[in-house]
Amino acid sequence: MSTATLLEVSGLCVQFASQGQTVRAVDDVSFTLDRGETLGIVGESGSGKSVTALALMRLVPSPPGRIAAGSITFDGRDVLAMEPNTLRAMRGRDVAMIFQDPMTSLNPVLTVGRQLTEVLEEHLGMAPLAARRRAAELLTTVGIPSAEQRLSDYPHRFSGGMRQRVMIAMAMACRPRLLIADEPTTALDVTIQAQILELIGSLQRENGMAVIIITHDLGVVAGMADRVAVMYGGRMVEQGATEDVFADPRMPYTMGLLASIPRLDDMGTRRLSAIRGSPPVPLGEGALCRFAPRCDLATPLCRSSRPVLRVLDGGTRASACHHDVRLDAAGRPQRLTEAVSTP
């Protein structure tokens, strides 16, 4: 683990017991995050993005879930080996999370002010009056007017965008070194989405923190992330610098995601395509490429052998595909040569 690396995840597996079967929601996921870097994790619903985020903070509900294998190292410390008191101290202070739905993440029977001051009193040891003043400053920072008065309001008196701002204020209260934003713009108007993303970006620049942004919106990743990791069926299928992955995807699933996005530079000249079929339920080990049933380039090898995440381009990116796949001049995926997976 280099001095620049803040977070290192290796071989992470998260399982859920469901009706007598084991669902491998996260299956052998590995990635790193440097200090001050922004990583975008993308994929369809059910690909394992949110479960990965919960595992990083050891918030996977148990039962029915459990972290079955792997390691999570944050700033040189083994997260999976932390005692409960150490883990509670890390959450909110060193690592903070903006959860997907602010209405269900905020406590409906506590005022917004109390929920903010609790974080400050618990992690920073502030006295109640000092914590309330700081809470008002945080609400002002995230763009909520009349902050002092709004501290006495309950969450139901805030709009969706305002509740999301409150969640950001809570996450930023202790100036964490890592912020995990799980679908921070879900169900918000487009104009509010832009404001929320700009707010997260400005707070990141001011505090020098690392950010993991989890989303199904590739446009959000293109505008915010330094690197992107693509997940499918609980597995990591492609990683690399955002501009490299968007310009030259190497995994058919990534190509399908990008082909489904409308682009201003080819309006009226190309029909949007959809990936046929539905994402799988990741049961058992699965000795195959999980994308094979939906992939037009799949071969018998894909249906009988699991591809590993192969390092490409001198180590700057990786792809989990048995084959060398590229886009042709018309933007269609083409299988060039077969490349048997090697670690």
Side-chain angles (χ1 to χ4, degrees), residues 4 6-7 33-42 49-50 53 56-57 74-75 90-102 105-106 112-113 115-124 126 130-148 150-151 155 158-215 217 219-228 242:
L6 180 66
L7 176 71
L33 180 70
D34 288 345
R35 303 174 195 276
E37 184 182 32
T38 301
L39 173 68
I41 301 180
V42 301
K49 307 184 302 297
S50 294
L56 297 181
M57 300 182 72
F74 176 77
D75 199 21
M90 182 193 74
R91 295 174 184 153
R93 185 181 64 188
D94 296 322
V95 183
M97 187 167 179
I98 303 171
F99 293 94
Q100 190 166 352
D101 185 351
S105 300
L106 293 170
V112 163
Q115 294 183 64
L116 277 166
T117 56
E118 183 179 30
V119 175
L120 297 166
E121 293 170 12
E122 175 68 23
H123 290 297
L124 301 183
M126 284 189 173
R132 186 174 178 86
R133 286 195 297 270
R134 176 58 180 156
E137 292 173 1
L138 287 166
L139 290 188
T140 300
T141 300
V142 298
I144 294 181
S146 305
E148 181 64 39
R150 299 309 302 267
L151 288 174
F158 290 75
S159 67
M162 288 296 184
R163 287 195 293 266
Q164 193 66 286
R165 290 172 185 270
V166 172
M167 287 296 301
I168 294 173
M170 291 177 64
M172 295 303 302
C174 300
R175 299 182 181 272
R177 287 179 286 170
L178 171 60
L179 176 67
I180 303 171
D182 187 6
E183 300 280 7
T185 58
T186 296
L188 299 180
D189 294 337
V190 175
T191 53
I192 303 301
Q193 288 183 23
Q195 293 172 13
I196 295 297
L197 294 175
E198 174 57 31
L199 176 59
I200 293 174
S202 63
L203 291 172
Q204 179 186 21
R205 291 188 293 271
E206 291 172 11
N207 295 282
M209 65 183 176
V211 173
I212 295 177
I213 185 162
I214 297 168
T215 181
D217 190 337
V220 170
V221 171
M224 287 194 66
D226 302 306
R227 289 190 302 120
V228 61
T242 302

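For the single chain, residues carry numbers from 1 onward in sequence order.
- The shortest non-hydrogen separation linking Thr242 to Ala225 is OG1-O, 2.9 Å.
- Looking at Ile144 and Phe158, their side chains come closer than 4.5 Å, going by heavy atoms from C-beta outward.
- Taking each heavy atom of Leu124 and Cys174 in turn, the nearest pair found is CG-SG, 4.0 Å.
- Using a 4.5 Å heavy-atom threshold, the side chains of Arg133 and Glu148 count as separate.
- Between the CD1 atom of Ile200 and the CZ atom of Arg205 there is a distance of 11.5 Å, given to the nearest 0.5 Å.
- Taking all atoms of both residues into account, the shortest heavy-atom contact from Met170 to Gln115 is CE-O, 3.8 Å.
- Distance check: Ser105 OG to Arg163 CZ gives 10.5 Å after rounding to the nearest 0.5 Å.
- The minimum heavy-atom distance linking Val142 with Arg165 is given by the pair O-NH1, 2.6 Å.
- Residues Leu178 and Asp94 have side chains not in contact (no heavy-atom distance under 4.5 Å, counting atoms from C-beta outward).
- Taken from OG1 in Thr38 to CD1 in Ile212, the straight-line distance is 10.0 Å, to the nearest 0.5 Å.
- Minimum interatomic distance between Ile196 and Gly161 (heavy atoms only, all atoms of both residues): CD1-O, 4.2 Å.
- Summarising the geometry, atom OG1 belonging to Thr141 is positioned 8.5 Å from atom CG belonging to Leu199; distances are rounded to the nearest 0.5 Å.
- With hydrogens and angles ignored, the 3.5 Å screen pairs a side-chain donor or acceptor of Gln204 with a backbone N or O of Met209.
- Here the closest non-hydrogen pair linking Asp226 and Gly36 is OD2-O, 4.5 Å.
- Ion pairing between Asp75 and Arg35 holds under the 4.0 Å rule for side-chain N and carboxylate O.
- Between Ile213 and Leu197 the shortest side-chain heavy-atom distance falls below 4.5 Å.
- Proximity of Leu179 to Asn207: side-chain heavy atoms (C-beta onward) are nowhere separated by under 4.5 Å.
- The CZ atom of Arg227 sits 6.5 Å away from the CG atom of Leu33 when rounded to the nearest 0.5 Å.
- Heavy atoms of other residues, nucleotides or ligands lying less than 6.0 angstrom from CZ of Arg175 number 12 at most.
- To the nearest 0.5 angstrom, Ile98 atom CD1 is 6.5 Å from Gln164 atom CD.
- With a 4.5 Å cut-off on side-chain heavy atoms, Val166 and Pro155 do not count as touching.
- Side-chain atoms of Met97 and Pro176, non-hydrogen and from C-beta on, never get closer than 4.5 Å to each other.
- Within the 4.5 Å cutoff, no side-chain heavy atoms of Leu7 are placed close to those of Val95.
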